[in-house]
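These notes are about the structure you will find just below.
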Amino acid sequence: LWSAEGAPVRAFALFAPVRHAEIAPAGDKLAAVGTDNAGRVWAVGGAELKVLSGVAGPIVFSADGKWIAWGTPDNKVTVSPADFSAEPKV
């Protein structure tokens, strides 16, 4: 991750090439999906928040940053609070 000026801010580890990545509207979280169908969500300034399995499509934040959604291999969409305070719903 780089700043607007092009300076490195932080490196994030995935175990497969990145297929899709998105930053939350507030700039506080980064979500990415690898070619291994694993999704990961990090706090930009801190630790990994969640590892998601079975993520086949893009992973996106809602415009207000309160929700996160991702596609599954069986062509469904899973939605969760972005802070993962409740179980995701398909």
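Excluded from the calculations below are hydrogen atoms, water molecules and symmetry mates; all remaining heavy atoms, backbone and side chain alike, are included.
- Hydrophobic clustering keeps Leu30 apart from Val60 (ILVMFWY residues linked when any side-chain heavy atoms are closer than 4.5 Å, directly or through intermediates).
- Arg19 contributes atom CZ, which lies 11.0 Å from atom CD1 of Ile59 (distance to the nearest 0.5 angstrom).
- Across Ala56 and Asn37, no two heavy atoms sit closer than the pair CA-OD1, 3.9 Å.
- At least one side-chain heavy atom of Pro81 sits under 4.5 Å from a side-chain heavy atom of Trp67.
- Judged purely by atom type and a 3.5 angstrom limit, His20 has no side-chain atom pairing as donor or acceptor with the backbone of Val33.
- Inter-residue side-chain proximity for Trp70 and Leu52 is flagged as met; some heavy-atom pair is nearer than 4.5 Å.
- In plain terms, the two heavy atoms of Thr78 and Pro88 that are nearest each other are CG2-CB, 3.4 Å.
- Nearest heavy atom pair, residue Ala31 against residue Val41, reads CB-CG2, 4.1 Å.
- The shortest heavy-atom contact between Gly65 and Ala82 is O-CB, 3.3 Å.
- Without hydrogens or angle criteria, Glu22 side chain to Phe61 main chain gives a donor-acceptor distance under 3.5 Å.
- Val77 and Phe84 sit in two unconnected hydrophobic clusters of ILVMFWY residues. Membership requires side-chain heavy atoms under 4.5 Å apart, directly or through other members.
- Between Ser62 and Asp64, the shortest heavy-atom contact is OG-OD1, 2.6 Å.
- The minimum heavy-atom distance linking Ala16 with Asp36 is given by the pair CB-CG, 3.5 Å.
- When side chains are defined from C-beta on, Thr72 does not count as touching Val90, because their heavy atoms never get closer than 4.5 Å.
- From Ser80, atom OG reaches atom NZ of Lys66 across 14.5 Å, with rounding to the nearest 0.5 Å.
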